[in-house]
Amino acid sequence: MTYTTLVSAAALAANLDHPHWRIFDCRFSLADTAAGYKSYRQSHIPGAVYADLNKDLSSPVQAYTGRHPLPNFELLAAKLGDWRVNNRCQVVVYDDAGGAFAGRMWWLLRSMGHTQVAVLDGGYGHWRKRGLPTTAILPKIAASGFRSYLDDRQWLSANQIEAGLASRSIRLIDARTQERFFGKASRSTRWPATYPERLTGHCNPISIETACS
């Protein structure tokens, strides 16, 4: 069976030794960027490889970018191959933040043409609550070959968004916290809110009745 959205803890547990399943730990903290890897080294799902939001799933921040620009897809494809991922693998990604970081890797893989990727339902917290296996042993990795089939229709450029908002042809949803939406400092990050953070014409679903403009 192929999983393309969510995979249950029971299904993953039953396939931990499957030769064509690959698992990625995407735990991360915006407030402490080293915390995710530290947690991974302390314990993780057996066989899981750590994928870092800043180092692996984003490209370096530039003066004209946001905090987590899209990665260089050629470099990411090479990393996936180094991580033993090939185009026939079932990939499972997880975090401990409701899928916020695992969801990024899920989307990146799908944008590269790999649809056999699923987020672990309930994340690492649910896995542990069920008493399923964890380990601190790093997996042995033999490089494979991954070929990217990039679909650049999966995102819009800043210019495309600007034009779409001006023509009212798109509706932009802001999924960040309310603090950041309103330009206030966020409790979950040290990133200063010293610049306007809300685009005219988009809304935050948490405050959808009052925040849309």
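A ring pair (Phe, Tyr, Trp, His ring centres under 6.0 Å) with Tyr50 holds for exactly one of Phe24, Phe28, Tyr37; it is Tyr37.
For the atom pair CZ of Arg88 and NE2 of His114, the computed distance is 10.5 Å after rounding to the nearest 0.5 Å. Note that CE of Met105 and CG of Asp56 are 8.0 Å apart. Values are rounded to the nearest 0.5 Å. A distance of 11.5 Å separates CD1 of Ile45 from OG1 of Thr135, quoted to the nearest 0.5 Å. Of the inter-residue distances, the one linking Leu76 atom CG with Leu70 atom CG reads 10.5 Å to the nearest 0.5 angstrom. Here CZ of Arg128 is found 5.5 Å from OG1 of Thr134. Values are rounded to the nearest 0.5 Å. The OG atom of Ser148 lies 8.5 Å from the CG atom of Asn87; values are rounded to the nearest 0.5 Å.
Under the 4.5 Å side-chain contact rule for hydrophobic residues, Leu150 and Leu109 share a cluster. One hydrophobic cluster, built from ILVMFWY side chains closer than 4.5 Å, cannot hold both Val119 and Val92; they sit in different ones. Hydrophobic clustering (ILVMFWY, side-chain heavy atoms < 4.5 Å, transitive): Val93 and Leu6 are in one cluster. In the hydrophobic cluster analysis, where Ile, Leu, Val, Met, Phe, Trp and Tyr join through side-chain heavy atoms closer than 4.5 angstrom, Val91 is grouped apart from Leu16.
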### Query
How far apart are the C-alpha atoms of Trp107 and Val117, what are their side-chain angles, what is the distance that settles it, and do they pass the side chain to side chain contact (heavy atoms under 4.5 Å, CB included) test?
CA-CA 9 Å; Trp107 176 79; Val117 54; over 6 Å; no
### Message
Go through it in stages, so that I can follow the logic: the residues are Ile170 and Ile161, the test is side chain to side chain contact (heavy atoms under 4.5 Å, CB included), and I'd like the CA-CA distance, side-chain angles, deciding distance and then a yes or no.
### Response
CA-CA 8 Å; Ile170 65 172; Ile161 291 175; 4.3 Å; yes
### Task
Could you check Cys89 against Trp21 for side chain to side chain contact (heavy atoms under 4.5 Å, CB included), going step by step and ending with a plain yes or no?
CA-CA 6 Å; Cys89 286; Trp21 281 51; over 6 Å; no
### Query
What's the verdict on side chain to side chain contact (heavy atoms under 4.5 Å, CB included) for Arg171 and Leu165, showing C-alpha distance, side-chain angles and the deciding distance?
CA-CA 7 Å; Arg171 186 59 161 169; Leu165 290 173; over 6 Å; no
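With sequence neighbours excluded, the residues that form a side-chain contact (heavy atoms from CB on, under 4.5 Å) with His20 are His18. With sequence neighbours excluded, the residues that form a salt bridge (Lys or Arg N to Asp or Glu O under 4.0 Å) with Asp25 are Arg27.
Pairing each heavy atom of Val49 with each of Tyr40, the nearest pair is CA-OH, 3.7 Å. Phe101 approaches Cys26 most closely through the heavy-atom pair CB-O, 3.3 Å. Of all non-hydrogen atoms in Asn86 and Ser144, the two that sit nearest each other are CB-OG, 3.4 Å. Considering all non-hydrogen atoms of both residues, Pro133 and Pro46 come closest at O-CD, 3.2 Å. Considering all non-hydrogen atoms of both residues, Leu80 and Met112 come closest at CD1-CE, 4.1 Å. Taking both residues in full, the closest heavy atoms of Leu108 and Leu57 are given as CD1-O, 3.7 Å, listed atom of the first, atom of the second, then distance.
Checked by atom type and distance alone, the side chain of Gln90 pairs as donor or acceptor with a backbone atom of Tyr3 at under 3.5 Å. Using modelled atom types, one side-chain atom of Arg22 and one backbone atom of Arg84 make a donor-acceptor pair closer than 3.5 Å. Side-chain atoms of Gln154 never come within 3.5 Å of backbone atoms of Asp151 as a donor-acceptor pair (strictly under, hydrogens ignored).
Judged by distance alone, the side chains of Asp121 and His126 never bring a donor and an acceptor atom under 3.5 Å apart. Tyr124 and Ser39 share no side-chain donor-acceptor pair at under 3.5 Å. Defined by atom type and a distance below 3.5 Å, a donor-acceptor pair is present between the side-chain atoms of Ser58 and Arg104.
Side chains of Asp17 and Asn15 form no contact here, defined as non-hydrogen atoms less than 4.5 Å apart.
No more than 12 heavy atoms of other residues, nucleotides or ligands sit less than 6.0 Å from atom CD of Glu162.
Ring to ring, Tyr94 and Trp106 are not that close: their centroids are 6.0 angstrom or more apart.
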